[in-house]
Every structure is written in structure tokens, then in C-alpha cells.
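Below is one structure, written out as C-alpha cells; the observations come after it.
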Amino acid sequence: MRITTLTSIAALLLLGATSALAAGEDDYKAAYAAAEAANKQAASLRNQWTTTASTLAVAKKFADGGDFDKATASAKEAEALAKASIFQATSEKERWRDLEIR
Amino acid sequence: MTRTDNGFSATRRLVLQGAGAVALVGLGNLPFGLTQAFAANDKYPEEAFKQKTEADAIKSLYGRTAEASDKVKMDAPEIAENGAVVPVSVSTTLADVTSISFLVAENPVALVASYKIPAGTMPNVANRIKMAKTSNVIVVVEAGGKLYSATKEVKVTVGGCGG
Amino acid sequence: MASTIRVRATSSGETTEVQALIQHPMDSGFIKDSKGELIPPHFIQQLTFEYNGKPVFVADWGGGVSKDPYVKFAFKGGKKGDELKVSWVDNKGATDTTTAKIQ
Amino acid sequence: MNLRARIQFAAAAFALALLAFAAPPAVSADKVDPVADEKAFKKFFYDKFPKLKPEDFVNGPYSMDADLYKQWQDKEQFPPYEFSLELGKEMFSKPFKNGKTYGDCFPNKGIGIRQDYPTFDEKEGKVITLELALNRCREANGEPAFSYVRDEMAALTAYMAFTSRGKPFNIKVPNDPRALAAYENGKEYFYTRRGQLNFSCATCHVQSPGERVRTEVLAPALGIVNAMPIYRSEWNGMGTTSRRFTTCNSQIRGVPLTPQDDEYRNVEYYLSYVSNGLPISGPGARP
């Protein structure tokens, strides 16, 4: 199960930014909301990434300029980053002990 | 972060030596008394602190060029812990020292500090200087009306999760 | 307000070693602030040390001297208890002066 | 181990780094045992740097590189934290509007006590750091709290550290489940990887101290809090323990928590405890 999650997050990360499909404002809004929701969850896990916020900002900039293709792609990338941070926080709950000096 | 590799600074040094030679030739046309008066002046050397290259700064400050001397001992780190604070000091066995100047070749303004050494003051100075990037640091000692220098490359890089 | 100048002058009998640290931003004029705007140059231009009414050391500084600048030198003479006068002036015309007792 | 390469690796290909998580899960939690932790922690660093004396660790990167050591010695002749230290001393003795002073909030009038902080407050059931205690002192006396990361807070803690110089860290973890939980939470925070670079505090300060990241020499975790607060040339000024934690987080591309959040208090508690016996060296100067 771990591996499946990993692969899908990795795929999202790698593909998120390169989505070539034409996107409209609604697509952008949905992608942005999803990214924000994921980033909120990361915050509740006390593990947001600075890059999630900066990528969300890029998405917003593209949207303000009317480029919803790029805005949607950035929002999706932000969501992938947020999800990766959630995954990191969750898996580290156990894994931090690997590094511990004992 | 851009890093200056050795090849680049070597090239730059060559170019600067060329400029120094030109300055030396140019000096022949200057009335001797003028440069003498300038060097002895107690005023803040505004113009010298505007020059971009160390050769121009030395020329503006002293009206002549310096020759390398092993009697000028500079103490500077190999790698600066941070370019914002680089401790550099100099001492010399030369007699009749009247001034000591510190220059950083790659800084936007080459001249960093120039100290007047009245009779009775020892020709040793320590200070902390800023370096924009990896560069040669040059110390010029004015002694008996002549200029002597020492040069050392100090590596500078900043950033990372250090400390 | 407290002086911007800290001086330590110690006599070894024959010579006096002087160290000074001065509180000053020493902005070179080449550094940008967090908003990306150049911080205007603001640095000490001249720092003078006088003993017995005569200068024993004069520093001409540019913006390439570190923030809160430091300098060390030594001069012949100087007795314990004698005073050393230290003063600076910066490129905006601000000044500060202090006297320190030689230890 | 090449740290720089690891940063690039982590940044460029986090997806690959994630695959590394597929290893078998970690061993389950043992009983919380601070005494054993401290022993193991010190042994790790003493073995890693056999030439260093225990008290050398409080001088961070300067103990690990001769060229750096010399620059430090030069700086210490007239240290850059001098002005902050003086300001702290002045502030510390100046009464609040109600006539009381900082000293009234602390044992021994606040002099020579830095080595006892952080302390565990049994009433509150939480860790109290020196920075937190200082702001609480202010608020209790009708004064507004200071920013935790710089200026006044750095000056006050610089002065208090100075009056404790040379005194060994003396942190106590009482046999109280809440204290042990706070300690354990601090340890977890220290070892937990976070941020896009997937670094924990330990990645830099346990696995790689003495190594260079873009020519900066990393400080060992052992003794790292003994030197706080510090004048960092990179910051062009003073910073507190809070500043150190928050900037470390952002450097690994993680969003920092709020200064003096529970996790930060707990990690300072953990780090101070495992440095017990090593002398306070703050205020310090660092690259």
C-alpha cells in the first residue's frame, strides 16, 4: 500500500506541471481549492512546505493574468507538493526513529 | 551563487597588471610635486573610494604603482567564514611606513580602507572587511615614499544550512 | 545614549595597543533590502585616534569595511591613565567622539 | 557523504527520495529514557570527533576547522555581540514602569541561572524556555512581549548567558509523564525529516557536523544550544534560539512554526538535556 501511494504521488509530482490539456477558469478553481485543502491538512500535521505556498502564489498570478492552462498546472503542482508533505509527515511518525542515536 | 574559478581570476589579474603598466607610463606625464602633495594630504580620499579596480584606486590614492614585497606580511583566511566579516591583518618589517591600505579586487569598489601611520605608530593593522565574492585581497604599504604590496586570494561563498 | 565607540587601550610600558569596535551599519550602497531596493550608502569615512593632541592613527574607510567595524593598531609611548581621544565622521556628516583611559 | 549533492538530489527528485521510504518500518517506541539518550548522544559525538574535548563542542564549527578557528579567535578579540551584550545588561537592570525588574521574576535575581533553562513547570505541565520566561515576566509586569527572534530578546538572553558562562547545563527531566512526553516530543521533532528537502535537524547536525555545505561548516548538535544567542555574520546581527529553529526550518523549505510553539520548546528541552554537563558559552559568534 505504501508503494502505491508513493508511486501516485511521484507521478503527480512529475506530471502535475506538464499537463498539456487546455483548462478553463473552473478547472483552475477546482485545482486551486484541492491544493489549498491539501495544504491545510499539511498545516494540521505541522508540516507545510514553503514551496507549496510559493507554487500556489504562481498559480494565482497566472490566473490573474488569464492564463488558466498554466494556472491549473501550477495549482496541480502545488497540490502534489502538499500531498507529498502530508505523506512525509505521516510516514515520519514512525520513521524518525531510524535516525535516532541510541 | 556565482563562484569565481581560478582561471577567471588569473585572466583578470593579467588584465589588471596591464592596466597597472599603463598607469605607470601615464605617471611620467604628471608633475612630480602634485602626487607628493596628494599623498601627504590629510583629507578623506573621496576619489580613490570611487574607483572600481584596485589599480585605479592605488593610482588615485598614491599616484604610483606598488611592487610586491615579501616584507609585507598579510594574514587572511583561506576561506572566509562569511564574506560580510573577513578578518585581515598586516604587519611589515619595512621602515618609515606612512600608510597602509586594504583593497579587494572583486568588490564593486576596490579600496576598502586606508590607514595613515604617523611617526611612532607601529606598521601593524588588523581590521574586518567585506568581500562580495572570492577575490584577491591586496595590502599596500607606503614606506619611505615607495609602495610595497602583498596579495592573497580569499575564497568566499555564502548560504546553506550552516551554523 | 550610549556611545557608539568601544575602545580598549592597553599599555605594555613601551607601546600602547589599541582596539576599537564601533556600532555603525556601514552600508556600502551595493546591497539590496528585502524589498529589492538598494540600501543607500551609509558608512564611516574617517576615524581618528588622538593622543596628547596629536593623531596617532587615522582610518579612511569606504563601504567595504564590515558592519560594526573593528580596528587594531599600536603606537609607541602612552602611559596608563592617559587619555586617548577617538572620533569618527560618516558620509552623512554624523559624528561621535569618546575618550578612553589607557589601561 | 556529500551534502551538497544530497540537497540537489532532494530538491530535484523528491519523488525518488520518497521511494526510499519503502524500507521496512522503524522499530517501535521504547520506554522514554533520557539518561540513556544523553549517554548515547555524547558517545556518538565523542567517537566521531575523538580529538575534541567535551567542552570544545560548545564552540560549534570553530572546533572542527583550523582556518575557521583562527577567524573566530580574531573576532573574539572584540566580539560582534558586544553591543548586544551591553544593551542586555542595561535592559536587565532597568526597572519596569511598576518598579520591578527582570531579576524579580527569576531565582538568584536572574544572575548565573541560564544553565537551568529550559525547565519543566509542574503546575502548567509544560516546558518553559528562558525566552518564554522573559516575555512572561514582561507581561506579568504590564509590559508588552518582545519579538522572540532578535534585538531585545537576543540582548536579554545574551546578558543572562554571559552571567552563566562556563556553568554546565543542568537540565532536569522530572519523573512526570508530562515531562517525559515533552522530552520525547522534542526528540521526535529533532529527528523528523521535514520540508521539501526532506531534512531533519539531525541530517545536518548529527550526520554531517564538521562537513561543509557550500563551504559553511555544520555545527554539531551536541553543545549547539550552549552558545545561544548568537551573532551570525549571515544574519548581520543577533539571533535567539527561536530564530535558529525557524530559519533552519525555512532553509529546508519547510514553513516554520510560531516561535515558542510546543514543538520548539520541547526540542530545545531535548537538545539542552543531552548537552547536560557542557558549559554555557553564549553569547556566541557564528559565521
Side-chain angles (χ1 to χ4, degrees), chain C residues 1-12 15-44 47 49 57 59 61 63-74 84 86 88 90 94 96 98 100-103, chain D residues 62 67-95 147 149-152 154-156 158-159 162 215-216 229-240 243 246-247 249-251 253 255-256 282-287:
Chain C
M1 213 191 94
S3 171
T4 58
I5 307 171
R6 301 285 178 284
V7 193
R8 274 185 220 145
T10 39
S11 164
S12 67
T15 60
T16 299
E17 187 187 85
V18 183
Q19 292 184 89
L21 189 74
I22 295 159
Q23 197 165 26
H24 200 284
M26 297 302 282
D27 292 317
S28 65
F30 296 101
I31 306 287
K32 286 181 180 151
D33 64 15
S34 51
K35 288 179 200 144
E37 282 166 32
L38 278 179
I39 302 168
H42 183 204
F43 53 86
I44 293 174
L47 167 72
F49 295 80
F57 194 71
W61 280 346
V65 173
S66 298
K67 182 194 172 196
D68 294 342
Y70 165 84
V71 72
K72 178 165 101 169
F73 70 96
L84 190 70
V86 188
W88 59 256
D90 73 16
D96 197 12
T98 195
K101 277 212 162 56
I102 296 172
Q103 311 265 305
Chain D
Y62 295 121
D67 193 39
L68 275 183
Y69 184 82
K70 177 142 191 321
Q71 294 178 61
W72 178 54
Q73 290 295 305
D74 284 346
K75 281 201 309 186
E76 283 292 312
Q77 293 202 12
F78 225 136
Y81 49 74
E82 183 101 359
F83 292 107
S84 178
L85 182 58
E86 272 185 44
L87 173 67
K89 187 177 180 181
E90 212 178 285
M91 287 170 64
F92 200 83
S93 55
K94 197 178 154 209
S147 152
V149 288
R150 56 186 76 186
D151 300 337
E152 293 96 341
L156 282 171
Y159 174 64
F162 189 74
T215 82
E216 273 196 73
I230 48 175
Y231 184 103
R232 279 204 80 185
S233 303
E234 195 187 315
W235 295 338
N236 226 329
M238 295 291 292
T240 56
R243 187 174 187 184
T246 50
T247 51
N249 280 169
S250 27
Q251 278 168 327
R253 300 187 193 157
V255 175
R286 293 290 181 270

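The figures that follow rest on heavy atoms only: side chains count, while hydrogens, waters and symmetry mates do not. Throughout, protein chains are lettered first and strands after them, A, B, ... in sequence-line order, and every chain is numbered starting at 1.
Scanning all heavy atoms of the two residues, the minimum distance from D/F83 to C/I22 falls at CZ-C, 3.6 Å.
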Counting backbone as well as side chains, what donor-acceptor pairs lie under 3.5 Å between chain C and chain D?
from	atom 1	to	atom 2	distance (Å)
C/R6	NE	D/E86	OE1	2.9
C/R6	NE	D/E86	OE2	2.5
C/R6	NH2	D/E86	OE1	2.7
C/R8	NH1	D/Q77	O	2.5
C/K67	NZ	D/N236	O	2.6
C/Y70	OH	D/Q77	OE1	3.3
C/K72	NZ	D/Q77	OE1	3.0

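The local environment of CD1 in C/I31 is sparse, with at most 12 non-hydrogen atoms from other residues, nucleotides or ligands closer than 6.0 Å. In C/F30, the CZ atom is crowded: over 12 heavy atoms of neighbouring residues, nucleotides or ligands sit closer than 6.0 Å.
Partners of C/A20 by side-chain contact (heavy atoms from CB on, under 4.5 Å), not counting sequence neighbours, listed by chain and number: C/F49, C/V71.
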